[in-house]
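All values below come from the heavy atoms of this structure, side chains included, with hydrogens, waters and symmetry mates left out. All chains are named by letter (A, B, ...) in the order of the sequence lines, taking the proteins before the strands, and each is independently numbered beginning at 1.
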Amino acid sequence: MNQQQFFDLDQGKNISYINDCSSTSGYSSANSPISMTQSPSHSPETFALQNEFANLNLPAMSNSPSPQLQQLRGSPYQQPLIVNQLLPSGNLCMEIDGGSNNILNGTTNFGNMYMPMDHFYATPQNVGYAANDGGVKQEYTAVLHIAEQPVEKFRFRYKSEMHGTHGSLNGINSKRTPKTFPEVILRNYNGPAVIRCSLFQTNLDSPHSHQLVVRKDERDVCDPHDLRVSQERGYVAQFINMGIIHTAKKFIFDELLKKKKDRLVFKMGRRELSTKQVQELHQETEREAKDMNLNQVRLCFEAFKIEDNQTWTPIAAPVYSNPINNRKSAQTGELRITRLSKPTGSVMGNDELILLVEKVSKKNIKVRFFEENDDGETVWEAYAKFRESDVHHQYAIVCQTPPYKDKDVEREVGVSIELIRPSDDERSFPPLPFRYKPRDAIVSRKRRRTCSTLTSSSSGSSSGSLNNSVELPKTVPQQGVANVSQHDQTISQEFGREFHLEQLINPESFRKILEQDSAELEKLCVTDIGVLETDGQQQSESADRTHGSRYNHNLTSTYLGEIFKIFDAARRAVDNKELYQSSCKKVENLFTDHAQKNVNNDTLLHEVISQRKDNLKLAIKTFQVIDYFKLRELAHTAQNADGDSCLHIACQQDREHYIRPLLGLGCSPNQQNRTDNTPLHLAVKEDRNNCIKLFLDAPGAKLDLSLTNDDGLTPLHMAIRQNKYDVAKNLINYDRSSINVANKTDGNNALHMAVLEQNVELIVLILDAENRMDILMSRNSAGLTPLQLARAKANDRCVRLLEEVYPDKGECAMTWIPLNIKEEMDSSSAEDDEESNSEVPAQSIKTEEIDMEFKTEYADEDSTMDDSDVEKQLEQLLSSKPRFDKLVAQLNEPTADNANLPKWKEIADKSDLKEFSWLWSSSEGMLNYLQHKLGDKQYKQFALALQELGMLSASN
DNA sequence: CGGGAACTTCA
DNA sequence: TTGAAGTTCCC
């Protein structure tokens, strides 16, 4: 190599680690031929070299080699050959000359005094080294104290990166200015001493294979690094300009062994180790190298005094810095969220959220949502839901938001999101803000409230303390209104007999309610209308204008009052057909007129069922009107600006008891709103289990469960995605055919989706339903069957579960059908099979066809298979039912040695099948399992075992 | 300096 | 074959 390897005292000992030296690892140069041949004087840098730790700013540090030093032999540890090249600096010379005073003329750096010095060799006499080692517990009076820890994170660089300068290992408190560095103080000691810094593993009191280097004139000088301290210098050692070189994998062992050897030699004060010691070191190193954490190191500080005879004696117990983590690694690097796909989500959770992140490990990452109060205490936390496969290439996470703790918040709630790495509890910083939005139900309720209460505040008549107990109708004097609301949930008193919400649900009793002419109900309405009348109401069109402008009355109550008046009048004049007809017309007009004028186009029916405080009487009275005038069409078509029918509103607002009445009045259960959601979609989304039941159980309501919303999902899909077993079960029970509907996003059907959720219960539920084959064979947009999807994305348990139910254990599903062939199959079967016209490609391919396909492909494979015959033989054995059964029987027989141990079990235990054997109760299970393992090691093992038992040729 | 990213190897 | 880890390159 080159002579540049020589250094003056400051680095003398380190010369052996020059990074361009030739050694196995490329870092060390234990046997560097160069060092042996060079003479100190050849080093052009010698003179100029300065102590790196001293920031290169110290004058007169380097001197020509001291002849005395040349006599010193041995490398710092055990490299006698290098000794001669170690160039003592002036300091060292002085030291060696016994001029201890001179030593103190060390360098000063920012007020900290320290002095670099060469590495000295332990002499054989130096036997007192072992501090906490070798069973010798030595008491030290001197104490090393870490005054400045190193930074927690630092990029370890490979040797190949060590060209220009990169950052150095700073102190934990380091800023741009001033910078700080790892620093130790020696206490309780008098006299000159040396403080050594070297790189250690974090789990073990053993050196690390990485190199702690100091940059010096194009060279990286490796650890250990020694600094001289003394009383005059305050016993402070500051280690400046260090870097960490990441030893390449292949050199880990060599480097570690070398370091360990060096340390041992140094400690023993001997030049050579016995072969036994070397052997032991080898083994130890092998063990350590195997699972050494390459992304975490720590600094080890030791203190020595140098005896007159040049031996080094430890004077304080070694101390270790905090761990230093490799900034570059996904295991220890910084966590950071770069971007969120959206800043908000529903309090209900389950919204898809994509996080772009810095490199993460999918097996070691969590997404935490949390909320803190003003004191910084966590008041709520939850974790987003995602699978390993949702972590995209270590840089993005597709997850589902967790539901917020309170699903009834009325305004947005700000929370935070952070990443957590469980292995070291590292968090991303800073946390990103995320806002939970109130559910639609609450929002629309609020909207309603604001529009229906706009008048109340101006009214000076809010005499009671009940002003907030009522939202409607405001036309009525406050007192009267309060009266209404107080009894909202039970109107039994008014009806003079028992009344339960169930009566609304039961069609017959509801009929009765509609037809009855309750005096109380009547009275209420009369009161209402009375007010309107005295206020001087007008006819339909002008009504709201008049009231709205003159009295600032609420639109809805105005219209309702008007309608009720007409209704009551019509009802009193029993046989007046003409009045009935005209009343009918008027009511209808009022109804549509109101909707046109109302905020968001909510109809009276919408309004009346969604009062913030449920107002049964009002609702029922309205229902009566609709019923009496036979305005089914009105109810049927009633949609607001969002496309919501009254049933949507009922589901959103959790007014389950209105569902049946509304259905009875003619509302369509399959109405889709602007976002294509049916009421049932909303019920599932909003978690309205009672609504769902009422819907499903409603007699005569023909629900279409195949309708998809604008996310492409049916209610069942939504339930599965949210892992709502009961809901899914109810939906499936209602209409089994709905399970085969593919969603319009990725073409997954219910089974695909359950597989993605890895939800075994759901999978079983779906598999238990009818038309199983269709589901099993249908392919999603990516062309995958549920089983294939499971193999790609789900856990073993799901895969096994599915494999069990596929008629051929999934072999046919394994077959990829090339597009062109698939098209042929589709077209050829299209003539007599209309079902194949499905949105999902190749959805209903017949099993036989797939089977054929598989066979064909397999035949091809066969010819290229160069594997031994045993596998083929076994495959033939398994392919025919009689032979399969025969083999099952044979394998169920006990072994010769042990009557309790069936043959199959023995084979399993001896092979790689062992870990699965708990799955099987007989050989049949194992054979089933093996059927699709053709080509696997397990398969081969099994085949060979059979051959050994003589079963292969026998059955063939 | 500090960092991104390309390239290579591993599992 | 593919995704991740490891290594190198270069702005």
Salt bridge check: are A/K259 and A/D262 linked by an N-O gap of less than 4.0 Å?
no
Does A/R427 form a salt bridge (Lys or Arg N to Asp or Glu O under 4.0 Å) with A/D425? I'd like the steps, not just the answer.
CA-CA 6 Å; A/R427 317 280 170 123; A/D425 200 42; 3.1 Å; yes
Can you pull every protein N or O that's under 3.5 Å from an N or O on nucleotides 1-5 of chain C?
from	atom 1	to	atom 2	distance (Å)
C/dA4	OP1	A/K362	NZ	3.3
C/dA5	OP2	A/Q394	OE1	2.4

Run the ring-centre check on A/F239 versus A/F301 and record whether the distance is less than 6.0 Å.
yes
For A/F156, enumerate each residue passing the ring-ring contact (aromatic ring centres under 6.0 Å, His included) test, keeping only those at least two apart in sequence or located in another chain.
A/H210
Begin with the C-alpha distance, continue with both residues' side-chain angles, and end with the deciding distance and a verdict on side chain to side chain donor-acceptor pair (under 3.5 Å) for A/D746 and A/N748.
CA-CA 5 Å; A/D746 43 25; A/N748 285 330; 3.2 Å; yes
Ring centroid separation for A/Y383 and A/F369, is it under 6.0 angstrom?
no
Donor-acceptor pair, side chain of A/R298 and main chain of A/I324, under 3.5 angstrom:
no
Need two values: the first and the last nucleotide of DNA chain B, 5' to 3', having an atom under 4.0 Å from any heavy-atom of chain A.
B/dC1 to B/dA5
Using the benzene-type ring in the case of Trp, are the ring centres of A/H246 and A/Y158 under 6.0 Å apart?
yes
Whole angstrom is fine here: how far is it from CZ in A/R155 over to C1' in C/dT8?
10 Å
For the pair made of NE2 in A/H163 and P in C/dC10, what is the distance, rounded to whole Å?
9 Å
